[in-house]
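Here, residue 1 is the first one in the sequence, and each next residue gets the next number.
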Amino acid sequence: MNVIIILALILFILMKLIGKEKGTKAFFSLIINFLIIFTAIMLIAHNLNPITITILACILISYVSLFTINGKHPKTYAAFWSTLLTLAVLFFFIYFIGYAARIQGFSEEEFEEISLYSLYIGTNFTKLIISTIIMSLIGAIIDTAISISSSMNEVFLHNPSITRRKLFESGLNISRDILGTTTNTLYFAFVGGYMALILWLKDLHYSFGTIINSKVFCSEIISILCSSLGVTLIIPITAGITSYILLSKKQYAVADGNSSENLEHLSDSSPDLAIDSNLDTNKIDIIKGDDIP
């Protein structure tokens with residue numbers, strides 16, 4: 001327990017020093033997300049529907065993770081709605097996989113540890129494994145969504161005249177660089193967490209075919225693949241929603257007679273945009289090169 005507290009303090013200090021105000025918000029959002037997950041587990045333990053509780057928890061986690069750190073900004077709304085839409089699309093696929101793969105329950109390797117306990121706990125293990133897969137992918141798609149929307153927001157701020165199609169294509173180009181590293185992160189997280197188990201199975205002289213067909217291995221591989229599908233699917237969704245929201249906000253700002261406040265709302269206190277927002281967009285004179293002192 002002391003080690004956990006020390007590590008938490010070190011993490012908080014580093015996030016505070018490096019991330020400043022946003023680092024502090026990120027640390028407290030992490031604590032809030034922990035409380036959300038803990039509450040969800042307690043509710044599932046009281047025989048409430050695991051899938052319903054997990055979806056509600058994922059929505060709350062998405063809201064806390066995005067709006068606590070980034071505030072109510074168009075890029076944050078874009079990332080939030082992209083996350084929910086991707087989650088809705090993947091839910092039906094995960095629901096089918098959860099029933100078709102038959103990976104629910106405990107594996108053979110865990111029988112010795114749980115032999116003294118009763119397995120009649122009144123919980124549907126198929127729904128539980130579906131909830132586990134959903135919960136495991138929410139972090140990856142939130143991270144990908146906000147990375148894409150933030151990058152597209154910067155592109156838009158530096159080129160306000162960009163078309164919706166060009167902004168969408170820029171989002172896709174940015175996303176291709178994110179895709180490879182994110183999928184590798186998911187894979188190495190699995191290898192790091194289950195390396196001891198894989199070595200133990202090898203010491204038991206399990207064949208390669210037995211290992212890859214074991215329940216514990218298949219469940220984690222399916223979880224990784226579903227997370228990778230989520231990361232891939234959210235790329236065009238986020239690019240499309242972000243380009244629509246940013247260009248819609250721009251049109252609203254130009255159509256409004258007092259556009260300075262709306263222009264300021266499009267940026268995170270961008271100095272360049274703050275200077276431009278002092279101009280009246282209805283009264284702009286073109287300055288020739290010869291008129292510049």
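Using a 4.5 Å heavy-atom cutoff, the side chains of Ser248 and Arg164 are in contact. Side-chain atoms of Ser170 and Met152, non-hydrogen and from C-beta on, never get closer than 4.5 Å to each other. Side-chain contact between Met135 and Ile61 is present, with at least one heavy-atom pair separated by less than 4.5 Å. Asn70 has its side chain out of reach of Lys25: every pair of non-hydrogen atoms, C-beta onward, lies at least 4.5 Å apart. With contacts defined as side-chain heavy-atom distances shorter than 4.5 Å, the pair Ile178/Val231 does not qualify. Leu30 is listed as a side-chain neighbour of Leu11, based on a closest heavy-atom distance under 4.5 Å.
When the side chains of ILVMFWY residues are joined at heavy-atom separations under 4.5 Å, either directly or via intervening members, Leu17 and Leu7 end up in two distinct hydrophobic clusters. Ile32 and Ile55 fall within a single hydrophobic cluster, where Ile, Leu, Val, Met, Phe, Trp and Tyr side chains are chained together by heavy-atom contacts under 4.5 Å. In this structure, Met42 is a member of the same hydrophobic cluster as Ile51, with clusters built from ILVMFWY side-chain heavy atoms closer than 4.5 Å. One hydrophobic cluster, built from ILVMFWY side chains closer than 4.5 Å, holds both Ile130 and Phe96. No continuous path of ILVMFWY side-chain contacts below 4.5 Å connects Phe34 to Ile44, so the two sit in separate hydrophobic clusters.
With rounding to the nearest 0.5 Å, the separation of OG1 in Thr83 from OH in Tyr63 is 14.0 Å. Rounded to the nearest 0.5 angstrom, Leu233 CG and Ser228 OG are separated by 12.0 Å. Separating the CZ atom in Phe28 from the CE atom in Met15 is a distance of 10.0 Å, to the nearest 0.5 Å. With rounding to the nearest 0.5 angstrom, the CG atom of Leu85 is 10.0 Å from the CD1 atom of Ile141. In this structure, OG1 in Thr54 is found 8.0 Å from CG in Leu128, a value given to the nearest 0.5 Å. Here the CD1 atom belonging to Ile69 is positioned 12.5 Å from the CZ atom belonging to Phe27, to the nearest 0.5 angstrom.
In this structure a side-chain-to-backbone donor-acceptor pair under 3.5 Å is missing from Ser150 to Ser147. Between the side chain of Ser131 and the main chain of Pro50, a donor-acceptor pair closer than 3.5 Å is present. No donor-acceptor pair closer than 3.5 Å links the side chain of Thr52 to the backbone N or O of Leu48.
Across all non-hydrogen atoms, the minimal contact from Lys75 to Ile146 is O-CD1, 4.4 Å. Contact record, Ala239 with Ile148: N-CG2, 4.5 Å, taken as the closest heavy-atom pair. Thr238 and Ala145 make their closest contact through CG2-O, 3.5 Å (heavy atoms, listed as atom of the first residue, atom of the second, distance). Closest of all the heavy-atom pairs between Phe12 and Thr24 is CE1-CG2, 4.1 Å.
Partner of Leu87 under the side chain to side chain contact (heavy atoms under 4.5 Å, CB included) criterion, chosen from Ile94, Ile234, Ile134: Ile134. Considering Leu137, Leu66, Thr86 in turn, Leu66 is the only one that fulfils the side chain to side chain contact (heavy atoms under 4.5 Å, CB included) rule with Ile142.
For the 3.5 Å distance criterion, the side chains of Thr242 and Ser149 fail to qualify, holding no donor opposite an acceptor. Defined by atom type and a distance below 3.5 Å, a donor-acceptor pair is missing between the side-chain atoms of Asn173 and Ser175.
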**Request:** Carefully, step by step, assess Ser161 and Asn159 under the rule side-chain hydrogen bond (donor to acceptor under 3.5 Å, both in side chains).
**Result:** CA-CA 5 Å; Ser161 61; Asn159 187 10; 3.1 Å; yes
**Request:** Could you check Phe67 against Tyr77 for side chain to side chain contact (heavy atoms under 4.5 Å, CB included), going step by step and ending with a plain yes or no?
**Result:** CA-CA 8 Å; Phe67 288 96; Tyr77 284 103; 3.8 Å; yes
**Item:** Residue pair Leu179, Thr232: steps toward the side chain to side chain contact (heavy atoms under 4.5 Å, CB included) verdict
**Value:** CA-CA 7 Å; Leu179 180 61; Thr232 305; 3.5 Å; yes
**Asked** After noting the C-alpha distance and the side-chain angles of Ser65 and Ser29, does the key distance pass the side chain to side chain contact (heavy atoms under 4.5 Å, CB included) rule?
**Response** CA-CA 6 Å; Ser65 300; Ser29 68; 5.5 Å; no
**Request:** List the steps, then state whether side chain to side chain contact (heavy atoms under 4.5 Å, CB included) holds for Thr76 with Phe80.
**Result:** CA-CA 6 Å; Thr76 313; Phe80 179 70; 5.6 Å; no
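Ring geometry, Phe91 versus Tyr95: the interplanar angle falls from 30° to 60°, so the pair is classed tilted.
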